[in-house]
Structures are given as structure tokens and as C-alpha cells.
There are 2 protein chains.
Amino acid sequence: MTPQRMAVLKVIIDNEEHLTAEQVYGRVKPDFPMISLATVYKTLSMLKEMGEILELDLHTGCKHYDGHRIFSHPHLICTECGAVVDIEEHDLSNLSQDMEKSTGFEITKFQANFFGICPQCQKH
Amino acid sequence: MTPQRMAVLKVIIDNEEHLTAEQVYGRVKPDFPMISLATVYKTLSMLKEMGEILELDLHTGCKHYDGHRIFSHPHLICTECGAVVDIEEHDLSNLSQDMEKSTGFEITKFQANFFGICPQCQKH
DNA sequence: CTACATGCAAACCCTTTGCAGGCTG
DNA sequence: CAGCCTGCAAAGGGTTTGCATGTAG
């Protein structure tokens, strides 16, 4: 893995947020001024294939990446301010297993997003 | 609501599948040869706002629409052949309620998609 | 020398938008 | 006439790709 690619992975792992390709690009650029967005995309695609990072669709118009927890986990998204809360929830894993039994599918991953209004936004 | 828009809604309701904008366009065209894709998109957007149809992201590169069950429900998607199975599952509703209590969010909808390999594709 | 990595720009694809003409009431 | 509905074409935005150059082993 090249230094640039390492940098992309590091940026994703070092951030608690779920960065977009554009954001990753912006944060890698100080250290690698010559890096292009295309390289970032190619790298993200590679890391995703390798299972190093998780690609998320938070319904914001572009993809987000999470390097902290490779296993799928649910998100709670505020439709007012865009805040994203990661959920630690194991019920869905059990649900996956139940579903495998009842449908015969071999489930490889799941995506569960809950949309709503966060406590702060409810006040306004 | 204009006849064309009624036709768009009807196509979605009459189909068990989750049609894409392009597919809706193709099925409305026999009755309304002059209809344009732009009108289909505008109508789908309107119907979504009205809460008549549900917009789904099945990770196929474009959006799908479901007019049968306006309330969110989970899907099981085969990553090999693209088959989509609707899941009747009430555990997620309970989960929503639990989550509201623990996070203070007011949850308006949820999206849950399980990806895997269907029984047929597992044979090959 | 072979293979892979990179930057640039163009291409892609689905979706949205601007606009002028039509239709309705 | 006011206001919405329509089709067309163009624009839009995130992502992908082709290609020539650069780099490493």
C-alpha cells in the first residue's frame, strides 16, 4: 500500500465522523498536495473491497465511510440538522440470523438507518 | 391530479415489484405516448411528498418506488441476481420505540436492508 | 521491463431544473 | 388572465474511467 493510500485509510480511522470522499480528499491534501480526487475514490473503492472500511448511505446525496467498525451497525440520522448517531445494537444481528433461517438467504451484511428528529431540533 | 399522474401512481400500485423511474416511464408510455421522463420524475417526487409512495434505495444505482406499503419495511436483497424480498417484520418497530426512549429522538421512519445471497444463487 | 499508481480530464448515469408553450378554470 | 402541467434540452453532482506519465521492484 502506498503512502497516499495509507493516508486515506488513516484519515478515515482517525475520525469519529463518517467522512465523504470529498472530506477525505480535503484532509489528505495538506500532507499530499498533489493527490487527486480520482485517487481518493480509487483508494476508497479498494479499501471497501478489502473490507477495511464500510461504505454508508446516509441519504445525504453522497457516500460516507466508516473505518471504526467494519461490521454493519445501525445509524440514527436527524433529518433536520444531519447529525448522525451510531447505534450499538445487537438485536439486529439476531434478526439477521432469524432471517437466514426463514428465507434461506446467506446474509452478508445489513444496513439499517433510522431517521428522525434529534432532541435539540425538537426544541426549535 | 392529472390523468398522467394518476397513471404513474397506478403503475406503482399495480406492481408488486419495486419499479424504478425508468420502468415506470416504460409502463406509462403505452397509454400516454407523449409523456416524458421529466414528468415521471416530477410526479414521483410529488407522490413521495404526499406520502403516497415510498422511495427506496436498494443499492442498484437508482431509486425504486413502492406504493403498497407506505410504512417502511425491511428488504432482503440478493447481491448476485438482484432479487428483492419484502420482509414482514415487526421487531423493527419495537426497536424504533426502544430507540426513541434511549436517544430522545423522535423517529419518523426507518430503512433496513439486508444483503446476501439467495438460495438459488447459492447453488451456482 | 513489467506491473502498478497517479493526475487530469472527460465520460457516466440518474436526476433535477429552466424555460417556453399549453391547458384549465 | 393566473396558475399549474408538460416536454425538451441542458445542467447538475457525485462517481468512474481512459489514458499517458511516473514510479518501484
With respect to the side chain of B/T2, which nucleotide from D/dT17, D/dT15, D/dT6 is positioned closest?
D/dT6

Kindly say if B/Y41 contacts the phosphate of C/dT15, meaning a side-chain N or O under 4.0 Å from OP1 or OP2.
yes

Result of checking A/V11, A/T39, A/T43 against A/V28 for side-chain contact (heavy atoms from CB on, under 4.5 Å)
A/V11

Given the structure, check if the side chain of A/K42 and the base of D/dG18 hold any donor-acceptor pair shorter than 3.5 Å.
yes

Using atom types as modelled and distance alone, determine if a side-chain donor or acceptor of A/Q111 lies under 3.5 Å from a backbone N or O of A/L56.
no

OP1 or OP2 of D/dC5 less than 4.0 angstrom from a side-chain nitrogen or oxygen of B/T39, does that happen here?
no

Given atom CG of B/D57 and atom P of D/dG14, what is their separation to the nearest angstrom?
16 Å

A/H59 NE2 to C/dT15 C1', straight-line distance once rounded to whole Å:
15 Å

Under 30°, 30 to 60°, or over 60°: which ring-plane class applies to A/H18 and A/H75, parallel, tilted or perpendicular?
perpendicular

Atom-pair distance (CG on B/L56; C1' on C/dC14), nearest Å
16 Å

Rounded to the nearest angstrom, tell me the gap between atom CG in B/L37 and atom C1' in C/dT16.
11 Å

Below 4.0 Å: OP1/OP2 of C/dA5 and any side-chain N or O of A/Q4:
no

Would you compute the distance between atom CG of B/N15 and atom CG of B/D66 and round it to the nearest 0.5 angstrom?
10.5 Å

Over how many whole Å does the gap from B/L19 atom CG to C/dT15 atom P extend?
13 Å

Without decimals, in angstroms, what is the distance between A/E22 CD and D/dG13 P?
11 Å

From C/dT15, C/dG7, D/dC8, nucleotide with atom closest to B/C62 side chain
C/dT15

Would you give the length of the straight line joining atom CG of A/L76 to atom CZ of B/F105, rounded to the nearest 0.5 angstrom?
4.0 Å

Counting side-chain heavy atoms from C-beta on, which of D/dC8, C/dT6, D/dT15 comes nearest to A/A21?
D/dT15

Once you round it to whole Å, what is the distance between C1' of C/dT24 and CE of B/M1?
17 Å

In terms of side-chain heavy atoms of B/K63, which of D/dT6, C/dT15, D/dG7 is nearest?
C/dT15

